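See structure below.
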Amino acid sequence: MRIGVLTGGGDCPGLNAVIHAAVKKGITHYGDEFVGFLEGWRGVLDNATVPLTLEKVDGILHLGGTILRTSRTNVRKIEGGIEKCVQTLKANKLDALIAIGGDDTQSVTNALIQAGVPGVGVPKTIDNDLNGTDVCFGFDTAVMIATEAIDRLHTTAESHNRVIVCEVMGRDAGWIALTAGVAGGAHVVLVPEKPIDLDHVCAILRHNHDHGKKYGIVVVAEGAKLPDSGAQATRGSKVDSFGHPILKGIADHLAEEIEKLTGYETRSVTLGHTQRGGTPTAYDRMLATRYGLAAIDLVHQGRFGRLVVLHGTKIEDIPIADAISKNRTVDDSFLSIIQSLEPKL
Ligand code: F6P
């Protein structure tokens, strides 16, 4: 078969491991040929391609980023975009398309499937917020990077008797904040799923201070809502082609408020894209490899319109339409971990 592959949306550690696995198994076990589209859906619109051979994917498994590069191109917002993509795929004589991406990318895959394109999806996002899968590859690496950063913040905060507010990614979901915050022993963890009670935050910091811990680490998800307005902190009003604003600034805001309310010297740190860069963890390499192998098997079974997912320890598949129907946010059982670790005030 001739198969197209693309990576769309924000990059994430493990993308190359998916490409590596799908292409390697496709060529050696099924005798496939692969066409890589450059820069996500933009490459399909512009017919910008690169042959994906065994030589091309050799040695890429452990590399961060994506050899195909990526973009946030919303084909559905472009007049005639879907038809243009269908034409490109036909012109390349493709029998199938593997789209590696999060909900935005998969919403385009789904539209193309409805237009008759034989496509399958692989779930990617450091935010871990794609519905229908327990884990997206990239999340583990982002959490590891954030946890290491939080570990480092402890020592400098303690040396100076400071509070440090650390902002992590995750968009509207608090998975990175919760997991890295708990793993990194943060004293306060704030997520978009729960309104921020600033008095409660300050009460915890004061309690710790009065009990000998004169410093504090607060981990906040970029998408958590500002306590005064209930809105998310954004960099201006610009949105991307999928309607997402640039989330930024909640840590700065909280640091100012905490210092004002407690009198403790407070600093803020935004981890930003460091969480998306660099090499994937062993867990993400393995998960991405399993996803890539499952995707090429789905193609050969003719099971199009499906997304490979992780349920427990098993790789399964679900309709792409289900995955994009809603976001998977932090639920009460996970939120209760935060409460359970807070001091009794
Ligand atoms: O969706 C992944 C993500 O890293 C979010 O956590 C973050 O809000 C966003 O992408 C940043 O997007 P960009 O790379 O376009 O600034």
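Numbers for residues simply follow the sequence, beginning at 1. Values in this document were obtained by computation on a predicted structure and should not be read as measured data. As the structure lists them, so they are numbered: ligands from 1, and atoms in each ligand from 1. Atoms considered below: every heavy atom in the structure, side chains included; atoms not considered: hydrogens, waters and symmetry mates.
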Margin query: Pairing donors with acceptors under 3.5 angstrom, does anything connect the side chains of Ser333 and Asp331?
Written below: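 There is such a pair between these side chains.
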Next item on the list: Go through the side-chain N and O atoms of Thr155 and Glu158 and say whether any donor and acceptor fall under 3.5 Å apart.
Entry: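 The answer is no; no qualifying pair exists.
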Around [atom], find the nearest protein heavy atom and jot down its residue, atom name and distance.
atom                    : value
atom 16 (O) of ligand 1 : His273 NE2, 3.2 Å
atom 4 (O) of ligand 1  : Arg276 NH1, 2.8 Å
atom 8 (O) of ligand 1  : Glu222 OE2, 2.5 Å

Margin query: Check this for me - ligand 1, Leu247, N or O atoms closer than 3.5 angstrom, yes or no?
Written below: no
Next item on the list: Give yes if a backbone or side-chain nitrogen or oxygen of Thr125 is under 3.5 Å from a nitrogen or oxygen of ligand 1, and no if not.
Entry: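 There is no such contact.
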Item checked: Full working for ring pair (Phe, Tyr, Trp, His ring centres under 6.0 Å) between His207 and His200 -> CA-CA 10 Å; His207 171 95; His200 183 66; over 10 Å; no
With a 4.0 Å cut-off on heavy atoms, is [X] in contact with ligand 1?
X      : result
Arg72  : yes
Ile246 : no
His244 : no
Asp127 : yes

Notebook entry, point to check: Do NZ/NE/NH1/NH2 and the carboxylate oxygens of Glu256 and Lys260 come within less than 4.0 Å?
Noted result: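 Salt bridge absent between Glu256 and Lys260.
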Check: Does the distance from a Lys or Arg side-chain N to an Asp or Glu carboxylate O, for Asp129 and Arg171, drop under 4.0 Å?
Finding: no
Margin query: Could you tell me if the side chain of Ile100 sits less than 4.5 Å from the side chain of Thr105, heavy atoms only?
Written below: no
Next item on the list: For ligand 1, indicate whether the residue Ile126 contacts it via side chain, backbone, both or neither (heavy-atom separation under 4.0 Å).
Entry: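 Contact part for Ile126 vs ligand 1: side chain (C-beta onward).
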Checklist line | Lys/Arg cation over aromatic Trp175: Arg328, 6.0 Å, 45° cone | finding: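 Because its charged atom sits under 6.0 Å from the ring centre and within 45° of the axis, Arg328 does stack over Trp175.
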Notebook entry, point to check: Going by the atom numbers of ligand 1, which of them fall below 4.0 Å from some non-hydrogen atom of Gly170?
Noted result: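 The list of qualifying atoms is 6 (O).
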Item checked: Output field: ring centroids His62/His20 closer than 6.0 Å ->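 No, the ring of His62 stays outside the 6.0 Å limit from the ring of His20, centre to centre.
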